[in-house]
Every structure is written in C-alpha cells, then in structure tokens.
Number of protein chains: 2
Amino acid sequence: MPTLWDVASQSQFRLESMSTSLHHRAIENLGTRIITGELPTGHIMLAEHLEEELKVSRSVVREAVRVLQSLGLVETTKRVGIRVLPPSRWNPFDSQVIRWRLSSDARGAQLRSLIELRSAVEPAAAELAANNAPAQLRRELVDIAHALRDAGHSGDAQKFLELDIAFHSVLLSGSGNEMFANLMGQVAETLTGRTVHGLMPDHPHEGALQWHVDLAEAVAAGDAATARDASEQIMRRTTSRLSGTWTDQPRVFIPVRRN
Amino acid sequence: MPTLWDVASQSQFRLESMSTSLHHRAIENLGTRIITGELPTGHIMLAEHLEEELKVSRSVVREAVRVLQSLGLVETTKRVGIRVLPPSRWNPFDSQVIRWRLSSDARGAQLRSLIELRSAVEPAAAELAANNAPAQLRRELVDIAHALRDAGHSGDAQKFLELDIAFHSVLLSGSGNEMFANLMGQVAETLTGRTVHGLMPDHPHEGALQWHVDLAEAVAAGDAATARDASEQIMRRTTSRLSGTWTDQPRVFIPVRRN
DNA sequence: TGACACCGATGTGTGCAGACATCAAAACTC
DNA sequence: GAGTTTTGATGTCTGCACACATCGGTGTCA
C-alpha cells in the first residue's frame, strides 16, 4: 500500500514536494482531494481514520486539519468528525487553494476568476505606480519593458515568460498596495500556465509589446491616465486570448452569508 | 499570572472569543502580537518557551504555529526556533490578518489598501453582475437600494449600515466571480469600521444614495456601462471621505520575490 | 396511549505529557 | 578552511484524561 511519501514522489508539485514534512504532504493530499471533489461537500472523516489512511500519527493529522480549517476547507465538530465544507467557504485568495484549483477540473473557472481580478487590479495598480512608485522601480519597469520587447522579437519564449512575469510583478509591487503586490504569485501562475498549455503564440503580438513599453514609460513619467489605458489594453488582449479556456465553465454565485 | 482564558475575556474580538478553544486563543494572541510589532520581524521564539508563556501544552502551540505558518507570519527552522517573518510575507488577503491589522497602528494603511482594492474591484463586479447575475439577485439588489435610500432619508444609522453591507455583498456575489464575492467580509469590515470610528455623516450624501439606486437599476437592466459608472462614483466618494484616515501612513513597497 | 422533557451512555475532538527521530547549525578537528 | 562530530531545536509518535454534542432510553404528565 502506498504511503504519503510514495504519493509525493509522483506529485505534480515540484517545489512543495521538496519539503519533506509529513505535515505538508498531508495538507497537499487532503487539500487536492477536497478541491477535486473526491472528498465531496458534507463528507465526514474521522481523525482516527485519516491516521490509518495516510499512515501518519495523530499529531500530523491534527496539524494538517487545523491548517485546512483555517483555509475554510473543513470544519470540526465534536462527536461528528471532520466535515468537508462547500466551495463557497473556501478561501479563494489562498495561494494553495488557487494552485489546487488550477490543477483540477475547475481550472477554467479559476483562470477566469484570476483574469477578471487582474483586469480590475492591474489598471488601478498602474495608476498608483505612476503616482507613487519610487524612482528605481520606475527605471526597472522601463528596462524590463524594453527587454521584453526584444525577447518578443527574437522569439525566446523562456526569457519572454520570465520578463513578462517580472514586468507585472514590478508593476504590482510599485503600486505601494500590499494587496495588489501579493497578487504577483497568482499572476505568475496564470502566465506560466498559459505557456504550459500552449496558449502562447510563437511571436507575441506586436501591439502588446508596445503597450508594455507605453505603460512603463507612462509610469516613469508619472502619467497615470496613460498608464491605466495601456494596462487596460493589455488586460483586454490577455482576456480575449484566454477566454477560450473557460467557455464551458458555469459561473458560480456564492450565496451572501448573513449572520 | 493571567492565562489565555483571562486575556480572551478582555479581548476586543467579540465573536471569536466565544469559541473557547485554546488553539484559537493562541492564534489570536500570537497573531496580534506579531502584527502590532510587539514580536518584531526576525524575533525568534521557542516552542517550549511559548508553552510556558501561554500556559498551554505543546500540541496547542504546535497547531497554532502551523496555522500562523500558513498565513506567512512565521517560519520554523530546526535548531533555531520559530522566526517572525517580515510584513511582506504576510498574506494580506487573509481575513484574520486584515482584522488584526485593522486593530493595530497600521489601521490606516490597511484601510487604504482595502479601499483601493474595492475601488478596482467593485466597478468590475458591477459590470459582471449586469451581464451575468441571476434574475433574483438583480431584484434583490434593486430592493436593497431603495430600502437603503429610505433608511438614509430617515436617518436610521444602524439599518443604513446593514443595508449598505447587504448591497455591496449582493453586488459582489452577483458578479459570479468567487474571488470578488469573497471580498464581502472585508467590505463589511471597512463599512462597520467607518461607523465605529465616527466617519459617517448623520445624513448620508443624497447623491450617493441615488448612485446606489442607479447602480442597482442598471444591473437589473443589464446595462453594464452605466452600472460601472455608478459604482465608480460611489467608490470615488467613499475614497475621498476616508482618505483622511491614512494621510500619515507611508506606502510600503513590497520587494519582488524572485526564485 | 401518546407527547414531551429529562438524563445518562457513547463516541469524538481537545488538551496534556513524555519519548524518540531527524536534521541543520555550530563547534570542533585536522 | 574543509570535513567531521556534537548539539539542540523541531518533527513525529503514543497513551491518557477530559469536554461535550448527539442519541436513545426512561420517566412524567396529560
């Protein structure tokens, strides 16, 4: 019978599986199974049963359950057990949850959510960066934008991806809003996912390359309106390029929780 | 010497302190102390020491530390201990972290971040709701908007606050984007915080009341552009009303994390 | 006889204490 | 200074006592 260690070695999670902690593996195991629906909403597990199934001790199970609880994936009730909560209770901003959803059937819906969020946030971040970013970040943004254009022309896909991620990261970081800045990780996920799934053209759109340069130079010049415009252009194009991946995904309307 | 139980009874956290779990109290205790800076970045604690200080057992400390770890507040290293991480590593979207920051010196900065996020997201949500929301939510939004206007005219502050929260919650929920919908909780925090701190006028701005009605009716009519405009008006006014609270707060530029 | 309130048995999470394993920092040796 | 050993903290496991929600049985009253 395979243990958590065996499962981890076949895992799709490269970086995380490096950290050889049973606790972490248990979280990955249960988290993915809940989010894929293998452990459906309302499903009840017993701590004792999880010990046997995962072949780990109580302390490991308990610590893992506590973390999943803080992510809104499960709740514990005395005399009942560990109950799987509905997706509406999951914390959609947690990077683990996002990662698990991106590698599940809900991948399209997750991408749509992320893109819509980015479309709303990045133009605002561009505006803020134009008004507030420190000089060094502005210079860096311009340099990256030019390098990005060059990489786009030369067709170096790997370098292009890295620069693309760096560009949007610096932009979000330069907004001076820590919530915006924290979306860097999610942005990186969408951008890398895009190339992994073959959604990148061999030669990036010439207009998109120029918009990146325009955005960077507007930020450098402190021209908030132009920066926002350029960012909106970029996001519109990104949305249209990716919208094909979620055409079949139904929208979910989370019920308003009232006390 | 006061125990965690005693401390909890003086706590500012009403709902949470009801749940009488040592685990939860330990998280609150450590979380608030880290975020207020009482436990500064780089500060190193030992699990054994925490047991004595909090007068709880090892398992409680360990489970609490695990949760704080998943929030990015601490990291554990063998042979070293439990190290407090810099604010740039904290998960700014976690509702606990937001709550802790709202009741700390960084309150202004947290409010600014939230308002900027809302200003970016709500107009987008209005657009999405106008295009996608189910009929029932559209009707509900219109009803709430009218009730909100009435409450504003009659000067019932309590009812006004409830309806205001309900309005924005339904709007975000109606967007069909689970990340937008999840911001409900944070929105509620900012709105309630606003009244608690005496930032609400006796009689709400007449224009703002009308914008809410306009927004609701535009969503009901499927008029995305008008819905967005109305939402932007509302957020502009909210921002200008609250901007006084963070004038002294410096912006923090989170460094871009590269692997 | 039926409805209802009470109450105790049961099972599960919660909290505790102690032991050993593991592994990286630090000290030591050469 | 490179390699090795020591050390000390977290990581993991286990047995136990307790709190308490749920369920079923019992008793009371109409």
Asker: Taking NZ, NE, NH1 and NH2 as the nitrogens, is one of them in A:Arg251 or A:Glu116 under 4.0 Å from a carboxylate oxygen of the other?
Answerer: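 Counted as a salt bridge, because a side-chain N and a carboxylate O are separated by less than 4.0 Å.
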Asker: Measure from NE2 on B:His24 to C1' on C:dG13 and round the result to the nearest Å.
Answerer: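 Interatomic distance, NE2 of B:His24 to C1' of C:dG13: 16 Å.
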Asker: At under 4.0 Å, does any side-chain N or O of B:Ser57 touch on OP1 or OP2 of C:dG15?
Answerer: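 Answer is no, no contact under 4.0 Å.
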Asker: Does any residue of residues 62-70 of chain A have a heavy atom under 4.0 Å from DNA chain C, and if so, which ones, in number order?
Answerer: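 Close to the strand are A:Arg62, A:Arg66.
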Asker: I'd like to know if the side chain of A:Trp100 reaches the main chain of A:Ser95, judged simply by a donor and an acceptor atom lying under 3.5 Å from each other, with no hydrogens or angles considered.
Answerer: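 Not at all, since once roles are kept as given, no pair shorter than 3.5 Å links the two residues.
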Asker: Find the distance B:Arg83:CZ to D:dT10:C1' and express it as a whole number of Å.
Answerer: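 Atom CZ in B:Arg83 sits about 13 Å away from atom C1' in D:dT10.
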Asker: Taking B:Ser175 for the side chain and B:Leu128 for the main chain, is one N or O donor matched with an acceptor at less than 3.5 Å?
Answerer: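 Checking the backbone N and O of B:Leu128 against the side chain of B:Ser175, no donor-acceptor pair under 3.5 Å is found.
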Asker: Just the rounded figure in Å: distance from P of D:dT12 to NZ of A:Lys55.
Answerer: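 Value for this atom pair: 17 Å.
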Asker: Between A:Ser70 and B:Val67, which heavy-atom pair has the shortest distance, and what is it?
Answerer: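 Nearest heavy atoms, A:Ser70 then B:Val67: CB-CG1, 3.8 Å.
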Asker: Are any of B:Thr76's side-chain N or O atoms less than 4.0 Å away from OP1 or OP2 of D:dG11?
Answerer: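 So the side-chain polar atoms of B:Thr76 do come within 4.0 Å of the phosphate oxygens OP1 or OP2 of D:dG11, strictly under.
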Asker: Under a 4.0 Å N-O cut-off, is there an ion pair linking A:Arg99 with A:Glu28?
Answerer: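 Yes, charged N to carboxylate O under 4.0 Å.
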Asker: Scan for side-chain hydrogen bond (donor to acceptor under 3.5 Å, both in side chains) pairs involving residues 38-50 of chain A, sequence neighbours excluded, and state none if there are none.
Answerer: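 Applying side-chain hydrogen bond (donor to acceptor under 3.5 Å, both in side chains) to every pair that reaches into residues 38-50 of chain A, excluding sequence neighbours, yields A:Arg33-A:Glu38.
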Asker: To the nearest Å, how far apart are A:Ile27 CD1 and D:dG11 P?
Answerer: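 Distance, rounded to whole Å: 12 Å.
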Asker: Might you list the N or O atoms of the protein lying below 3.5 Å from N or O atoms in nucleotides 7-9 of chain D, with each pair's distance?
Answerer:
from, atom 1, to, atom 2, distance (Å)
D:dT7, O2, B:Arg79, NH1, 2.4
D:dG8, O4', B:Arg79, NH1, 3.0

Asker: Side chain to side chain contact (heavy atoms under 4.5 Å, CB included) for A:Leu85 and A:Ile34? Distances and angles first, verdict last.
Answerer: CA-CA 9 Å; A:Leu85 292 174; A:Ile34 288 172; over 6 Å; no
Asker: Charged N to carboxylate O below 4.0 Å: is that the case for B:Arg58 and B:Glu63?
Answerer: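 Looking at B:Arg58 and B:Glu63, the cut-off is not met.
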Asker: Tell me whether the side-chain N or O atoms of A:Arg58 pair up with the base of D:dG15 as donor and acceptor below 3.5 Å, since no angle test is needed here.
Answerer: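 By the distance-only test, yes, there is a pair.
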Asker: Heavy atoms only: give me the nearest B:Thr245-B:Leu242 pair and the separation to one decimal.
Answerer: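 It is OG1-O, 2.6 Å.
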Asker: Just the rounded figure in Å: distance from P of C:dC16 to CG of B:Leu54.
Answerer: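 Distance, rounded to whole Å: 11 Å.
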Asker: Atom NE2 of A:His23 to atom P of D:dC13: distance rounded to whole Å?
Answerer: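 One finds 13 Å between P of D:dC13 and NE2 of A:His23, rounded.
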